[in-house]
Amino acid sequence: MDKEFRIETKCVQSGWKPKKGEPRILPIYQSTTFKYDTTEEMGRLFDLKDEGYFYTRCQNPTNDLVAAKIADLEGGVAGVLTSSGQAATFYAVFNICEAGDHVICASAIYGGTLNLLGVTAKKMGIECTFVDADAPAEELEKAFQPNTKAVFAETIANPALVVLDIEKFAGLAHAHGVPLIVDNTFATPVNCRPFEWGADIVTHSTTKYMDGHAMQVGGAIVDSGNFDWDAYGDKFHGLTRPDESYHGVVYTKQFGKAAYIMKINAQLMRDLGSIPSPTNCFMLNASLESLALRVERHCYNARKVAEFLNEHPLVSHVNYAGLPGDKYYELAKKYMPKGTCGVISFELKDGREAAVKFMDSLKLAAIVTHVADARTSVLHPASHTHRQLNDEQLVAAGVSPGMIRFSVGIENVEDIIEDLAQALEASTK
């Protein structure tokens with residue numbers, strides 16, 4: 001039996017396994033197509049009877065090997081990469097939902113995801129009910145409907161930093177015969193492995209910590225292989241009945257635990273695209289090798305910054321689950337004992353105008369529409385990522401008008417704190 005390596009080793013060693021005489025580093029298969037000698041060989045690929053590659057929109061060796069590494073990091077059976085985190089969220093839900101179906105989603109999530117599930121999916125006939133993740137199970141039960149197909153949430157909400165009680169949500173989802181889909185972008189598998197707590201499917205915006213250098217946009221979906229689609233065959237007929245658009249294949253019968261990911265490859269990627277380029281996947285793989293090291297530094301720096309802000313007289317409050325006394329501190333200790341993430345949110349006592357002055361006075365930290373990379377960055381969610389939401393939606397998403405999202409990088413933490421100190425002083429002038 002192969003040794004089960006620890007997460008730090010998997011970041012480096014999983015995925016590409018070179019054989020004798022092959023490149024030590026993952027090759028870039030920068031090709032749209034793949035050659036075969038006979039029509040029968042290619043025909044069997046299109047029938048999903050043989051493994052192999054025929055067109056990069058459906059599958060590509062470079063992409064698949066990086067997806068396999070991420071699946072290994074999460075402890076899943078199979079994974080697929082997408083062109084963005086938004087595409088990953090859409091595919092993860094749309095793979096099992098269609099017009100007339102219903103999804104339950106935590107309200108404290110990334111603004112783009114809230115709009116995707118609350119507005120765009122609605123135009124496709126998929127309804128979404130948003131719930132308070134902190135509500136008791138008895139209250140959350142009321143959101144389920146006969147046509148509910150999935151529950152979606154983030155392990156650490158962006159930017160509200162709500163920590164999800166994964167076991168509570170998994171228990172509710174399974175009691176109603178549906179999977180729990182969890183976006184694990186902020187925690188990463190280094191700090192949290194949702195499958196170990198009952199989640200069924202994990203998504204990522206690999207644009208964030210996994211890439212870690214603001215170089216390429218991407219997403220990932222990983223299936224645990226634990227949800228029994230056949231036990232609810234009528235509900236998930238796209239997986240358990242013949243797919244007439246693909247020679248009548250029944251995904252659960254032909255692919256077993258890999259059925260969910262194979263359906264994404266064979267059906268959604270075929271019809272909708274949203275693939276990452278092999279070169280982007282190559283860069284993602286290089287970044288994944290240092291993921292565990294970077295996450296450790298992000299968390300260390302963020303804890304120091306949170307402590308500084310928490311004691312500063314101009315700061316009204318700080319949201320950071322790694323800080324003792326935070327509302328989610330105990331949940332974070334349970335699900336993320338090694339640390340949470342490098343993102344902090346906080347407010348200034350003098351409100352939104354002071355927040356704008358503070359942000360404009362930062363010298364090291366940059367104002368960018370990004371988060372969770374090596375460079376310290378800052379953003380005002382109500383004006384930027386959640387700008388499209390009304391006041392009621394902002395409150396539900398955990399975003400107040402004066403909230404500042406501060407993504408702590410891996411620079412020297414004293415330099416980061418000194419930059420914060422001078423900008424806070426400037427905010428009073």
For [X] and [Y], I'd like to know if the aromatic rings sit close, meaning centre-to-centre distance below 6.0 Å.
| X | Y | result |
| --- | --- | --- |
| Trp197 | Phe195 | no |
| Phe227 | Tyr260 | no |
| His317 | Phe346 | no |

Looking only at atom types and distance, does a side-chain atom of [X] sit under 3.5 Å from a main-chain N or O of [Y], one as donor and one as acceptor?
| X | Y | value |
| --- | --- | --- |
| Tyr209 | Gly342 | yes |
| His204 | Met210 | no |
| Asp350 | Ala354 | no |
| Arg294 | Asp373 | no |
| Thr207 | Val217 | no |
| Arg375 | His213 | yes |
| Lys263 | Asn95 | yes |
| Trp229 | His237 | no |
| Asp326 | Tyr320 | yes |

Exercise. Does the side chain of Leu73 reach to within under 4.5 Å of the side chain of Cys11, using non-hydrogen atoms?
Worked result: yes
In terms of side-chain heavy atoms, does [X] have a donor or acceptor partner in [Y] at a distance below 3.5 Å?
| X | Y | answer |
| --- | --- | --- |
| His370 | Ser377 | no |
| Thr129 | His102 | yes |
| Lys338 | Asn191 | no |
| Arg270 | Asn265 | no |

Exercise. After noting the C-alpha distance and the side-chain angles of Glu154 and Thr185, does the key distance pass the side-chain hydrogen bond (donor to acceptor under 3.5 Å, both in side chains) rule?
Worked result: CA-CA 8 Å; Glu154 297 174 353; Thr185 296; over 6 Å; no
Please name the pair of heavy atoms, one in [X] and one in [Y], separated by the smallest distance, quoted to 0.1 Å.
| X | Y | value |
| --- | --- | --- |
| Arg193 | Asp72 | NH1-O, 3.5 Å |
| Pro189 | Ile7 | O-CD1, 3.9 Å |
| Ala133 | Leu164 | CB-CD1, 4.4 Å |
| Pro179 | Asp200 | CA-OD2, 3.3 Å |
| Ala332 | Thr340 | CB-CG2, 3.7 Å |
| Pro61 | Phe34 | CD-CZ, 3.6 Å |

For this session: Take Asp134 and Tyr328 through the test side-chain hydrogen bond (donor to acceptor under 3.5 Å, both in side chains) and record every step on the way to the result.
Result: CA-CA 10 Å; Asp134 293 336; Tyr328 300 102; 2.4 Å; yes
State the [atom1]-[atom2] distance between [X] and [Y], to the nearest 0.5 angstrom.
| X | Y | atom1 | atom2 | answer |
| --- | --- | --- | --- | --- |
| Leu26 | Glu289 | CG | CD | 9.0 Å |
| His174 | Tyr232 | NE2 | OH | 8.5 Å |
| Leu180 | Ile201 | CG | CD1 | 8.5 Å |

Exercise. Got a sec, which pairs hit side-chain hydrogen bond (donor to acceptor under 3.5 Å, both in side chains) with one end in residues 77-87, sequence neighbours left out?
Worked result: Gln86-Thr113
Exercise. What side-chain hydrogen bond (donor to acceptor under 3.5 Å, both in side chains) pairs are there with at least one residue in residues 61-70, not counting sequence neighbours?
Worked result: Tyr53-Asp64, Gln59-Asp64, Lys69-Asn285
Side chain to side chain contact (heavy atoms under 4.5 Å, CB included) partners for [X], two or more places apart:
| X | answer |
| --- | --- |
| Lys333 | Tyr329, Glu330 |
| Asn280 | Gln216, Ser277, Met283 |
| Thr155 | Ile166, Val182, Asn184, Ala187, Cys192, Pro194, Met336 |
| Ala135 | Asp132, Glu139, Leu140 |

For this session: Show your reasoning for whether side-chain hydrogen bond (donor to acceptor under 3.5 Å, both in side chains) applies to Thr252 and Asp230.
Result: CA-CA 7 Å; Thr252 53; Asp230 284 315; 3.0 Å; yes
Exercise. So Leu420 and Val305, side-chain contact (heavy atoms from CB on, under 4.5 Å) or not? Walk me through it.
Worked result: CA-CA 9 Å; Leu420 283 165; Val305 168; 3.5 Å; yes
With sequence neighbours excluded, what pairs up with [X] under the side-chain hydrogen bond (donor to acceptor under 3.5 Å, both in side chains) test?
| X | result |
| --- | --- |
| Thr9 | none |
| Lys208 | Ser205 |
| Ser361 | none |

Problem set entry | salt bridge (charged side-chain N to carboxylate O under 4.0 Å, His left out) evaluation trace for Glu167 with Lys334 | CA-CA 11 Å; Glu167 283 190 314; Lys334 173 181 177 179; 2.6 Å; yes
Check this for me: [X], atom [atom1], are more than 12 non-hydrogen atoms of other residues, nucleotides or ligands nearer than 6.0 Å?
| X | atom1 | result |
| --- | --- | --- |
| Glu141 | CD | yes |
| Glu22 | CD | yes |
| Lys304 | NZ | no |

Problem set entry | Glu296: salt bridge (Lys or Arg N to Asp or Glu O under 4.0 Å) partners, not counting sequence neighbours | none
Please tabulate, one pair per line, all N/O donor-acceptor pairs under 3.5 Å involving side-chain atoms of residues 87-94, not counting sequence neighbours.
residue : atom : partner : partner atom : Å
Thr89   : OG1  : Gly85   : O            : 3.3
Tyr91   : OH   : Gly273  : O            : 2.7
Tyr91   : OH   : Ser274  : OG           : 3.3

Problem set entry | salt bridge (charged side-chain N to carboxylate O under 4.0 Å, His left out) contacts touching residues 91-107 (sequence neighbours left out) | Asp101-Lys149
Exercise. Does the pair Lys357 and Glu425 meet the rule for a salt bridge (charged side-chain N to carboxylate O under 4.0 Å, His left out), with working shown?
Worked result: CA-CA 10 Å; Lys357 286 183 180 179; Glu425 182 179 354; over 6 Å; no
